[in-house]
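Only a predicted model underlies this, so the values are computations on that prediction, with no experimental measurement involved.
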Amino acid sequence: IGLGIPAEPLFRSRDSLKGKTIILTTNDVHGAIEGYPYLAGLKKTLKDKYQANVLIIDAGDFSNDKKKPIYTTPDNCNAIDLMNKVGYDVATLGNHEFYKAQYLKGNIERATFKVINANVTQENTFDFIKNHKITLNEDDPKNKITIGFFGVATPDVTTFDPKVSVAVGDKLLNISRDQVTELKNSGSDIVICLAHLGLEDAFEKDQCRSVDVYNALTKGNAEQNIAPVPLDLIVDGHSHSTITPPQKGEPEREKILSTGTEFENIGVIVIDNNDKAIEETFLLKTKNLPKNLRDSDVQKDVDKIISQTK
């Protein structure tokens, strides 16, 4: 569509994306703030020029750096402020959000986007919002669509905050089933799990990997008389994996999308509003995006943070 991005399905000879909802995804940004201007510019172009609905979501580990120089920490609010400026809609909590946990409540309150989690409990502090629904095009019956999101996190959360309780195993699966059912029963056309779980083998025993959750929910368990539930997609983080759901003609596998880490990619989910279905999912390599796509206002904020940090 004229962005200078070869090959990806969305950008093949389309003059308009009207009637589509595009969800842009990130995970495990870990302070790679140079990617935010590209994300903001992509959102603006898809929305203003190509008439798509655009949402932005994140699957956790957005507020704490793992490299130097350190641009974002829970106590400097840089990540939250940049995400607000970009226009995120929903994010879930990663384990790194619990680093310096005393700042977590303030960061969530500072966010203009919803921060959701359904399987972590902090005693005597505050309850997390478990899920969030977004309805678009309410005045247009043909294109009206409601997308429901819920969030779950890895037990690695306790590494940074041993005071929290994290549901794992059957408890995690039951919570996730309940979330899908609640969101579907309350009008969601599509349900997406924002998971900071990853694919690490160490968590297979406790069924705490994204593949475990996806398979348990979508296949059910006949022996235990557990019916499958209609989970459409998991947007995953934590293990820094690069994953895409099966494309047309590919063998069936778990529908999981994950971008890697540090803005290596931006995830793209294409939803047809009329069909109420996910049409395509793929990754855009951030390094292939043209520099003139960057949003100038977000770039100024990023440049300021970098100049003040060095």
Please tabulate, for the side chains in residues 221-228, all donor-acceptor contacts under 3.5 angstrom to protein atoms that are two or more places apart in sequence or on a different chain.
from	atom 1	to	atom 2	distance (Å)
Asn221	OD1	Glu223	N	3.1
Asn221	OD1	Gln224	N	3.1

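- The main-chain N or O of Ala59 is found under 3.5 Å from a side-chain atom of His196 such that the two form a donor-acceptor pair.
- Screening Glu280, Lys255, Glu250, Arg253 for a side-chain contact (heavy atoms from CB on, under 4.5 Å) involving Thr244 leaves a single residue, Arg253.
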Verdict with reasoning, Leu93 to Val120, per side chain to side chain contact (heavy atoms under 4.5 Å, CB included): CA-CA 9 Å; Leu93 297 166; Val120 177; 5.9 Å; no

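- Formation of a donor-acceptor pair under 3.5 Å by the Asn84 side chain with backbone atoms of Arg110 is found in this model.
- With Ser188 contributing its side chain and Leu183 its backbone, the two residues share a donor-acceptor pair below 3.5 Å.
- Of the inter-residue distances, the one linking Ile306 atom CD1 with Glu34 atom CD reads 4.5 Å to the nearest 0.5 angstrom.
- Note that CZ of Phe62 and NE2 of His96 are 12.5 Å apart. Values are rounded to the nearest 0.5 Å.
- A donor-acceptor contact closer than 3.5 angstrom is absent between the side chains of Lys100 and Thr73.
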Run Thr92 and Val152 through side chain to side chain contact (heavy atoms under 4.5 Å, CB included) and show every step you take. CA-CA 7 Å; Thr92 197; Val152 291; over 6 Å; no

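- Note that the CG atom of Leu42 and the CD1 atom of Ile266 stand 5.5 Å from one another [nearest 0.5 Å].
- Asp65 places a side-chain N or O within donor-acceptor distance of the main-chain N or O of Tyr71, the cut-off being under 3.5 Å.
- Gly169 and Cys208 make their closest contact through N-SG, 4.0 Å (heavy atoms, listed as atom of the first residue, atom of the second, distance).
- When the side chains of ILVMFWY residues are joined at heavy-atom separations under 4.5 Å, either directly or via intervening members, Leu173 and Phe149 end up in two distinct hydrophobic clusters.
- Tested against Asn53, the residues Ile134, Asn137, Leu17 include a single side-chain contact (heavy atoms from CB on, under 4.5 Å) partner, Asn137.
- Nearest heavy atom pair, residue Ser258 against residue Ser241, reads OG-O, 3.0 Å.
- Considering all non-hydrogen atoms of both residues, Val298 and Ala40 come closest at CG2-CB, 3.8 Å.
- With rounding to the nearest 0.5 Å, the separation of NZ in Lys114 from CD1 in Ile129 is 4.5 Å.
- For the side-chain contact (heavy atoms from CB on, under 4.5 Å) criterion with Ile147, the lone passing option out of Ile271, Asp189, Thr135 is Ile271.
- At least one donor-acceptor pair under 3.5 Å links the side chain of Glu97 to the backbone N or O of Asp61.
- Within the 3.5 Å criterion, the main-chain N or O of Leu197 finds a donor-acceptor partner in the side chain of Asp236.
- Without hydrogens or angle criteria, Lys276 side chain to Lys144 main chain gives a donor-acceptor distance under 3.5 Å.
- Atom OH of Tyr99 is surrounded by 12 or fewer heavy atoms from other residues, nucleotides or ligands within 6.0 Å.
- In the hydrophobic cluster analysis, where Ile, Leu, Val, Met, Phe, Trp and Tyr join through side-chain heavy atoms closer than 4.5 angstrom, Ile256 is grouped apart from Val268.
- Using a distance-only test at 3.5 Å, with no hydrogens or angles considered, no donor-acceptor pair links the side chain of Asp232 to the main chain of Ile192.
- Listed for the Asn117 side chain is a donor-acceptor partner under 3.5 Å among the backbone atoms of Asn119.
- Partners of Asp140 according to the salt bridge (Lys or Arg N to Asp or Glu O under 4.0 Å) rule, which considers only residues two or more places apart in sequence or in another chain, do not exist here.
- Leu293 and Tyr88 fall within the same hydrophobic cluster, where Ile, Leu, Val, Met, Phe, Trp and Tyr residues are linked whenever their side-chain heavy atoms come under 4.5 Å apart, directly or through other members.
- The 12-atom threshold is not exceeded at NZ of Lys130, counting heavy atoms of other residues, nucleotides or ligands nearer than 6.0 Å.
- Of the inter-residue distances, the one linking His238 atom NE2 with Thr154 atom OG1 reads 3.5 Å to the nearest 0.5 angstrom.
- Hydrophobic clustering (side-chain heavy atoms under 4.5 Å, transitive across Ile, Leu, Val, Met, Phe, Trp, Tyr) groups Leu82 together with Val54.
- Summarising the geometry of Ala153 relative to Val166, their closest heavy-atom pair is O-CG1, 3.8 Å, with the distance given to 0.1 Å.
- Every residue two or more places apart in sequence or in another chain that forms a side-chain hydrogen bond (donor to acceptor under 3.5 Å, both in side chains) with Asn215 is listed here: Glu254.
- For Asn78 and Thr72, the side-chain atoms include no donor-acceptor pair closer than 3.5 Å.
- The side-chain hydrogen bond (donor to acceptor under 3.5 Å, both in side chains) test applied to Thr181 returns no partner, not counting sequence neighbours.
- Residue Asp58 holds its CG atom at 11.5 Å from CG of Asp89, rounded to the nearest 0.5 Å.
- Checking Thr281, Val90, Ile57 one by one against Val235, the side-chain contact (heavy atoms from CB on, under 4.5 Å) holds for a single residue, Ile57.
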When you look at Phe128 and Val115, which way does the side chain to side chain contact (heavy atoms under 4.5 Å, CB included) test go after all the steps? CA-CA 8 Å; Phe128 298 116; Val115 180; 6.0 Å; no

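- Residues satisfying the ring pair (Phe, Tyr, Trp, His ring centres under 6.0 Å) test with Phe263, not counting sequence neighbours, are Tyr36.
- Contact of the Thr309 side chain with the Ile70 side chain is not registered, since no non-hydrogen atoms from C-beta on lie closer than 4.5 Å.
- Partner of Thr21 under the side-chain hydrogen bond (donor to acceptor under 3.5 Å, both in side chains) criterion, out of Asp272, Asn273, Asn143: Asn273 alone.
- The two residues Leu172 and Gln207 have their closest heavy-atom pair at CD2-O, 3.6 Å.
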Full working for side chain to side chain contact (heavy atoms under 4.5 Å, CB included) between Tyr38 and Val86: CA-CA 10 Å; Tyr38 289 98; Val86 169; over 6 Å; no

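- At distances below 3.5 Å, at least one donor-acceptor pair connects side-chain atoms of Ser307 with backbone N or O atoms of Lys304.
- Under 3.5 Å, the side chains of Ser63 and Tyr103 contain no donor-acceptor pair of N or O atoms.
- Residues Thr286 and Leu39 are not in side-chain contact: their nearest non-hydrogen atoms beyond the backbone lie 4.5 Å or more apart.
- Residues Lys163 and Gln122 are not in side-chain contact: their nearest non-hydrogen atoms beyond the backbone lie 4.5 Å or more apart.
- The side-chain hydrogen bond (donor to acceptor under 3.5 Å, both in side chains) search around Asp301 returns Lys85, not counting sequence neighbours.
- In the hydrophobic cluster analysis, where Ile, Leu, Val, Met, Phe, Trp and Tyr join through side-chain heavy atoms closer than 4.5 angstrom, Ile116 is grouped together with Ile269.
- A pairwise comparison of heavy atoms in Val180 and Phe150 identifies CG2-CE2, 3.6 Å as the closest pair.
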